[in-house]
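This one's a predicted model, so the numbers in the text were calculated from it and none came from an experiment.
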Amino acid sequence: MKRLLRVSFDILITSSVPILSWFLLGIFLDKNLINIFSLTYPLQCIMGMIVSIFGVGANITQYKNGNPNMADNGIFYGIVFSMVCFGGIILKHKSYIDFMNMDQTIYQIFCIYSITQIFFHTILQLILTKLYYKEENKKANKIAVLFNMINFSVLISMAIFTRSQLVTAVVTGIVMFVMIVILLMKNVEKIDFRFSLKDCFRYDSVSFCVSFMFLIIYLFGFSNSFEYGPQYVLAITFATLVTDMQWDAEGAVKTVAKIDIAKKRFSYSQHLKNAIKFNFLLMLSVIILSLVLYPFYKPDLKIVSIFILLHILDFAIAPFIMIKTCFLQLEDSAVKMTLNMMIAYFIRTVMSFVPTPFCTIIGQMSSAGYEGICTKINYRKYEKGKEEGKYELKT
């Protein structure tokens, strides 16, 4: 449970600081800047795909295949790939803003800043992932807190004292660049440029595919929902604000499970017990945040209640799905689990185009239902095979 809290703490800090930053920038510079959160939200999925292969996949490969420099090689290639992806979006940022149906004159500067911030956070996550697998969780905590607190302090201080979007964005970007360079110098040990893309993808293909499908869902699903009027825009935004940090933090369940599976010390019952406790805390925090923030946003109570309650239901069933998925992917069949997950998120993507303002949350619950059924069936098959002597791992 301590590891879950430590890993999730890093994720929570990384997720909450940008949200709080946009809220305060909306106060000190321009009230419209709060919408930057929605403008660049889909791009976090690209970060997820990069970390999946070059972070999680690389570290699992290092331990399972005995490649001592794979984690550092993953950081190197992850940086290169990130520069290509996010650099290309920055070069085409005007087209991106138009695609998201927002005003270039209002959002141009901080759109570039936000994309740059996601790029630096991608590198940070690659470094933290390496530290998790080395079981240097305390060090990872300190780095996550220091990076995000300095970033937040510089950003808000510059906004207060300069009242200039350009100066605030440039100075904060420079500070983040310096911090990332220092972290790379202190945490990357040796790069020999050898990299098994096939193995790195195979060991975390489910997470990669989920991030890819989320990219599609958020780009087009939100657009569909927003057509039904400002009350739905506000309700969806509110629900996202009070659950986004928790869904990011919930990723700690996967991280800890995969570490123990890779190191042959996995216990399903213990991991499930800890995950249930952890997700209960997440659900409680969603309720508290909703009550605290409701007076500020005042979304339609009936609409937002539907979104929040279904998110809470999804949190309640997530541990039973997630832990089995991680185990089956690494110890049974990565291909099978990736295919199941792709089908689940294909269902979710299709539902996101259904002509209803609740299309995204309906898709989310439909996907969870399918995943729950498939993982239960496949885990039973695995247990049966283990009883027949087909598997050697003791759980």
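No chain of hydrophobic side-chain contacts below 4.5 Å, direct or via other Ile, Leu, Val, Met, Phe, Trp or Tyr residues, connects I321 to F214. Linking ILVMFWY side-chain heavy atoms closer than 4.5 Å, directly or via other members, places L301 and I312 in a single hydrophobic cluster. L91 and I115 are members of different hydrophobic clusters when ILVMFWY side chains are connected at heavy-atom separations under 4.5 Å. Under the 4.5 Å side-chain heavy-atom criterion for ILVMFWY residues, a single connected hydrophobic cluster contains both F177 and M185. The cluster map of Ile, Leu, Val, Met, Phe, Trp and Tyr, joined by side-chain heavy atoms under 4.5 Å apart, puts L310 and L291 in the same cluster.
Of the N and O atoms on the side chains of N378 and K324, not one donor lies less than 3.5 Å from an acceptor on the other residue. Y132 and N59 are not linked by any side-chain donor-acceptor pair at a separation below 3.5 angstrom, with hydrogens and angles left out of the test.
Side-chain contact check for T356 versus C359: some heavy-atom pair is nearer than 4.5 Å. For the pair I306/K302, no side-chain contact is recorded, criterion being any heavy-atom separation below 4.5 Å from C-beta on. Between V253 and N279 the shortest side-chain heavy-atom distance falls below 4.5 Å. Two residues are said to be in side-chain contact when any heavy atoms from C-beta on lie closer than 4.5 Å; I75 and F54 fail this criterion. Within the 4.5 Å cutoff, no side-chain heavy atoms of M176 are placed close to those of V154. A heavy-atom distance below 4.5 Å is found between the side chains of M245 and L289. Side-chain contact between V175 and N151: absent, with no pair of heavy atoms (C-beta onward) separated by less than 4.5 Å. L282 has its side chain out of reach of W247: every pair of non-hydrogen atoms, C-beta onward, lies at least 4.5 Å apart.
Remark: side-chain polar atoms of Y294 are paired, donor with acceptor, to backbone N or O of P299 under 3.5 angstrom. Using modelled atom types, no side-chain atom of T40 and backbone atom of L43 make a donor-acceptor pair closer than 3.5 Å. The main-chain N or O of V188 is never found under 3.5 Å from a side-chain atom of D72 such that the two would form a donor-acceptor pair. Side-chain N or O atoms of T349 include one that pairs as donor or acceptor with a backbone N or O of Y345 at under 3.5 Å. Between the T172 side chain and the A169 main chain, no donor and acceptor come within less than 3.5 Å of each other. Looking only at distances, a side-chain donor or acceptor of Q62 sits under 3.5 Å from a matching main-chain atom of A71. Remark: the backbone N or O of G48 is not paired with any side-chain donor or acceptor of S52 at under 3.5 angstrom.
Applying the ring-ring contact (aromatic ring centres under 6.0 Å, His included) test to F238 and every residue at least two apart in sequence or in another chain returns Y297.
Closest heavy-atom contact between Y370 and N340: CE2-O, 3.3 Å. Taking each heavy atom of N187 and L183 in turn, the nearest pair found is ND2-O, 2.8 Å. Among all heavy-atom pairs drawn from I156 and S21, the shortest one is CD1-O, 4.1 Å. Taking both residues in full, the closest heavy atoms of F28 and R163 are given as O-NH1, 2.6 Å, listed atom of the first, atom of the second, then distance. Contact record, M351 with G363: CB-CA, 3.4 Å, taken as the closest heavy-atom pair. Residues A235 and I303 share a closest heavy-atom pair of CB-CG2, 3.5 Å.
With rounding to the nearest 0.5 angstrom, the CE atom of M158 is 13.0 Å from the CD atom of Q165. Once rounded to the nearest 0.5 Å, the distance linking CD1 of I160 with CG of L25 reads 9.5 Å. Remark: I50 CD1 to F81 CZ distance equals 6.0 Å, nearest 0.5 Å. Put simply, CZ on F315 and CZ on F278 are 9.0 Å apart, with the number rounded to the nearest 0.5 Å. How far CG of L309 is from OG of S290: 9.0 Å, rounded to the nearest 0.5 Å. In this structure, CE on M283 lies 9.5 Å from CG on L313, to the nearest 0.5 angstrom.
I373 forms part of a hydrophobic cluster together with I377, judged by ILVMFWY side-chain heavy-atom separations under 4.5 Å.
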Where do L184 and I79 land on the side chain to side chain contact (heavy atoms under 4.5 Å, CB included) test, with the steps shown first?
CA-CA 11 Å; L184 288 172; I79 292 173; 3.8 Å; yes
Starting from the C-alpha separation in whole Å, work towards a yes-or-no answer on salt bridge (Lys or Arg N to Asp or Glu O under 4.0 Å) for K130 and E189.
CA-CA 11 Å; K130 176 187 174 181; E189 299 164 20; 3.6 Å; yes
Test side chain to side chain contact (heavy atoms under 4.5 Å, CB included) applied to I89 and I46, step by step:
CA-CA 11 Å; I89 297 173; I46 297 178; 3.8 Å; yes
H311 vs I361, side chain to side chain contact (heavy atoms under 4.5 Å, CB included): CA-CA, chis, key distance, verdict:
CA-CA 8 Å; H311 272 290; I361 196 65; 3.8 Å; yes
Could you walk me through whether D244 and Y41 pass the side chain to side chain contact (heavy atoms under 4.5 Å, CB included) check?
CA-CA 10 Å; D244 182 64; Y41 188 81; 2.4 Å; yes
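By the 30° and 60° cut-offs, the orientation of the rings of Y113 relative to F110 is perpendicular. Under the 30°/60° scheme for interplanar angles, the aromatic rings of H121 and F147 are found to stand perpendicular.
Heavy atoms from other residues, nucleotides or ligands lying under 6.0 Å from CZ of F353 number more than 12. No more than 12 heavy atoms of other residues, nucleotides or ligands shown are found within 6.0 angstrom of CZ on F280. Heavy-atom contacts from other residues, nucleotides or ligands closer than 6.0 Å to NZ of K92 number 12 or fewer. Annotation for F201: atom CZ counts as buried by contact number, over 12 foreign heavy atoms lying within 6.0 Å.
Salt bridge status for E371 with R348: absent, with no side-chain N to carboxylate O gap under 4.0 Å.
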